[in-house]
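The next block holds one structure in the form of structure tokens; read it before the comments.
Counting from 1, the numbers follow the sequence of the chain as shown. Note that this is a predicted model, so its numbers are computed, not measured.
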Amino acid sequence: MFTGLIQSLGTIKPLGGDSWQITCLPQSPELIMQDLACGDSIAVDGVCLTVEKILKWGFIATASPETLRRTTLGQESEQQYVNLEASLRVGSKIGGHFVMGHVDGTGRMQAVEQTATSWEMTFIAESAIARYIVPKGSIAVNGISLTVAEYEPEISQFKVAVIPLTYAETNLRYLRPGSLVNLEGDILGKYVEKLLYSGKQHTTNDNSFDEVTPAFLGEHGYL
């Protein structure tokens, strides 16, 4: 589990097969490399990978066929740098939101505009991910915890406002219109969807549990 607060930038290159070499940039490798051990989880552009071999300034990991199918790792991408975050430890501060590192799919950046206080970035999401996007909700873009500022469901388009610190210390500043990104919806939305689906499919014999419906959630302060 991660928080979506990026700790370092790195580079990634394929080693053949499903193996990848991830190297931290020399500016800030300490947060990733300190206490790093084989078997640890590292989010690489939002993709949870397991450390299999430790190098001087990086590590080697394997990406499964499912990971390659759903993420930018298995697609042609011009991305030069990747965002890196070590897994959350018990007692650590949670400054973003709960990010699982299980990417739902990809999206593309449509536009970026600098304002007086931030960079406003617009993305188009795959339909499988769009159903988890809500205004003012959380979304992970290349592993970065961001808040949805605007959402247009008809075209699966959403906008986020990126503060200068995040823009300067992540690979968002290298994106161009058309750039491919990894997207992960908020885990809370997935559980709500599951409960809604289960409520429609199953009923209890003794009627001791209320069906979970949009009206039920609204009555209990969830909508």
### Task
Apply side-chain contact (heavy atoms from CB on, under 4.5 Å) to Tyr132 and Asp186, showing your working.
CA-CA 7 Å; Tyr132 302 124; Asp186 192 340; over 6 Å; no
### Query
Taking it one step at a time, do Glu184 and Val99 satisfy side-chain contact (heavy atoms from CB on, under 4.5 Å)?
CA-CA 8 Å; Glu184 180 189 333; Val99 177; 3.3 Å; yes
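Between atom OG1 of residue Thr122 and atom CD of residue Glu152 there is a gap of 8.5 Å, rounded to the nearest 0.5 Å. Distance CD/Glu52 to CG/Asp40: 12.5 Å, rounded to 0.5 Å. Remark: Trp119 CH2 to Thr115 OG1 distance equals 8.5 Å, nearest 0.5 Å. The distance from atom OG of Ser138 to atom CG of Leu146, rounded to the nearest 0.5 Å, is 9.0 Å. Rounding to the nearest 0.5 angstrom, the gap separating the OH atom in Tyr174 from the CD atom in Gln80 is 7.0 Å.
Looking only at side-chain heavy atoms (C-beta outward), Gln21 and Thr23 come within less than 4.5 Å of each other. Leu36 is listed as a side-chain neighbour of Val51, based on a closest heavy-atom distance under 4.5 Å. Residues Met33 and Cys24 have side chains in contact (heavy-atom distance under 4.5 Å, counting atoms from C-beta outward).
Within 6.0 Å of atom CZ in Phe98, 12 or fewer heavy atoms from other residues, nucleotides or ligands are found, so the atom counts as exposed in its surroundings.
Between Val162 and the choices Ile144, Leu172, Thr147, the side-chain contact (heavy atoms from CB on, under 4.5 Å) rule is met once, by Leu172. The side-chain contact (heavy atoms from CB on, under 4.5 Å) test with Ile42 is passed by exactly one of Ile22, Leu49, Ile32: Ile32.
Ring planes of Phe123 and Phe158: parallel class, angle under 30° (limits at 30 and 60°).
With no hydrogens or angles considered, a side-chain donor-acceptor pair links Thr106 and Glu126 at under 3.5 Å. Asp18 and Thr62 are not linked by any side-chain donor-acceptor pair at a separation below 3.5 angstrom, with hydrogens and angles left out of the test.
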Donor-acceptor pairs are to be reported for all side-chain atoms of residues 82-90 against protein atoms at under 3.5 Å, with residues two or more places apart or in another chain.
from  : atom 1 : to     : atom 2 : distance (Å)
Asn83 : OD1    : Asn171 : N      : 2.9
Asn83 : ND2    : Asn142 : O      : 3.1
Asn83 : ND2    : Asn171 : OD1    : 2.8
Glu85 : OE1    : Gly4   : N      : 3.1
Glu85 : OE2    : Thr3   : N      : 2.9
Glu85 : OE2    : Thr3   : OG1    : 3.1

